[in-house]
Peer 1: 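Provided herewith is a single structure, encoded as structure tokens, for subsequent inquiry.
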Amino acid sequence: MARPIKENASYFSHDADMRNNRKVKALRARYGMEGYATWCMILECLTDENGFQLAWDQLNIELISGDFGISADRILEITDYMVKIRLIAIENDALHCPAHRSRMQFVIDERERKRQWKQVKKEVSDVENQ
């Protein structure tokens with residue numbers, strides 16, 4: 001049986017000067033290191049999720065709160081600000097970051113290219129073995 005198609009990643013890169021992005025500076029100005037840490041941990045969570053998006057419901061908010069060590073109300077306050085300054089988006093009850101998803105697209109594209117290459121290789125091998 002084939003392995004399921006992986007739609008997440010176990011690694012993401014970020015710019016060495018991410019803290020100086022004007023939106024991130026605004027987040028840091030308002031929430032300090034708590035805001036910056038929340039931003040980074042949200043990126044980590046998104047990277048681990050299929051489709052690089054996270055169901056944004058009360059249960060996940062509570063789970064993130066426990067994971068991050070920040071109250072659920074504070075998580076909502078910080079993420080609402082992130083939406084306001086367009087660091088993240090919440091659409092159809094899912095939290096995602098369009099810029100992060102765009103950066104991760106190369107991973108998905110590379111996996112698809114490799115899948116297609118393996119399929120072609122298999123088909124050629126099957127023809128040769130007939």
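The first residue of the sequence shown is numbered 1, and numbering continues consecutively from there.
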Peer 1: Partners of Lys25 by side-chain contact (heavy atoms from CB on, under 4.5 Å), sequence neighbours excluded?
Peer 2: Asn20, Arg28

Peer 1: Return the minimal non-hydrogen interatomic distance between Ala72 and Ile61, and the atom names on each side.
Peer 2: CB-CG2, 4.0 Å

Peer 1: How long is the span from the SG atom in Cys97 to the CG atom in Leu43, to the nearest 0.5 Å?
Peer 2: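 Answer rounded to 0.5 Å: 6.0 Å.
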
Peer 1: Please enumerate all residues that pass side-chain contact (heavy atoms from CB on, under 4.5 Å) together with Asp57, with sequence neighbours excluded.
Peer 2: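 By the side-chain contact (heavy atoms from CB on, under 4.5 Å) rule, Asp57 matches Ala55, Leu59, Asn60.
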
Peer 1: With rounding to the nearest 0.5 Å, note down the distance linking CG in Leu54 to NE2 in His96.
Peer 2: 11.5 Å

Peer 1: Atom CG in Leu87, atom CD1 in Ile42: separation rounded to 0.5 Å?
Peer 2: 9.0 Å

Peer 1: What residues, two or more places apart in sequence or in another chain, satisfy salt bridge (charged side-chain N to carboxylate O under 4.0 Å, His left out) together with Arg101?
Peer 2: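 Arg101: no salt bridge (charged side-chain N to carboxylate O under 4.0 Å, His left out) contacts found.
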
Peer 1: Answer yes or no: is there a side-chain heavy-atom contact under 4.5 Å between Ile88 and Trp39?
Peer 2: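 The answer is yes, as the side chains (C-beta and beyond) meet within the 4.5 Å cut-off.
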
Peer 1: From Leu63 CG over to Ile75 CD1, what is the distance, rounded to the nearest 0.5 angstrom?
Peer 2: 11.5 Å

Peer 1: By side-chain contact (heavy atoms from CB on, under 4.5 Å), which residues pair with Asn21, not counting sequence neighbours?
Peer 2: Lys23, Val24

Peer 1: Indicate yes or no: at least one non-hydrogen side-chain atom of Thr38 is less than 4.5 angstrom from one of Tyr81.
Peer 2: no

Peer 1: Holding to salt bridge (charged side-chain N to carboxylate O under 4.0 Å, His left out), I want the full list of residues that pass it with Glu62, two or more places apart in sequence or in another chain.
Peer 2: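 Glu62: no salt bridge (charged side-chain N to carboxylate O under 4.0 Å, His left out) contacts found.
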
Peer 1: Going from CG on Leu76 to OG on Ser71, what distance comes out if it is rounded to the nearest 0.5 angstrom?
Peer 2: 8.5 Å

Peer 1: With rounding to the nearest 0.5 angstrom, report the CZ to SG distance, Phe68 to Cys40.
Peer 2: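 It comes to 10.0 Å.
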
Peer 1: Assess whether side chain to side chain contact (heavy atoms under 4.5 Å, CB included) is satisfied between Ile64 and Trp56, documenting all intermediate values.
Peer 2: CA-CA 10 Å; Ile64 287 171; Trp56 199 240; 3.7 Å; yes

Peer 1: Count the heavy atoms belonging to other residues, nucleotides or ligands that lie under 6.0 Å from CG of Asp93, then report whether that count exceeds 12.
Peer 2: no

Peer 1: Can you list the residues that meet the side-chain hydrogen bond (donor to acceptor under 3.5 Å, both in side chains) rule with Tyr31, with sequence neighbours excluded?
Peer 2: Glu77

Peer 1: Please examine the side chains of Met82 and Leu27, heavy atoms only from C-beta on, and report whether any two atoms are closer than 4.5 Å.
Peer 2: yes

Peer 1: Among residues at least two apart in sequence or on other chains, which ones pass salt bridge (charged side-chain N to carboxylate O under 4.0 Å, His left out) with Glu91?
Peer 2: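 Result, salt bridge (charged side-chain N to carboxylate O under 4.0 Å, His left out) vs Glu91: none returned.
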
Peer 1: Does anything in residues 29-39 form a salt bridge (Lys or Arg N to Asp or Glu O under 4.0 Å)? List the pairs, not counting sequence neighbours.
Peer 2: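 Listed once each, the pairs are Glu34-Arg74.
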
Peer 1: Identify the two heavy atoms, one from Thr47 and one from Phe52, that lie closest to each other, and give their separation to 0.1 Å.
Peer 2: O-CE2, 3.7 Å

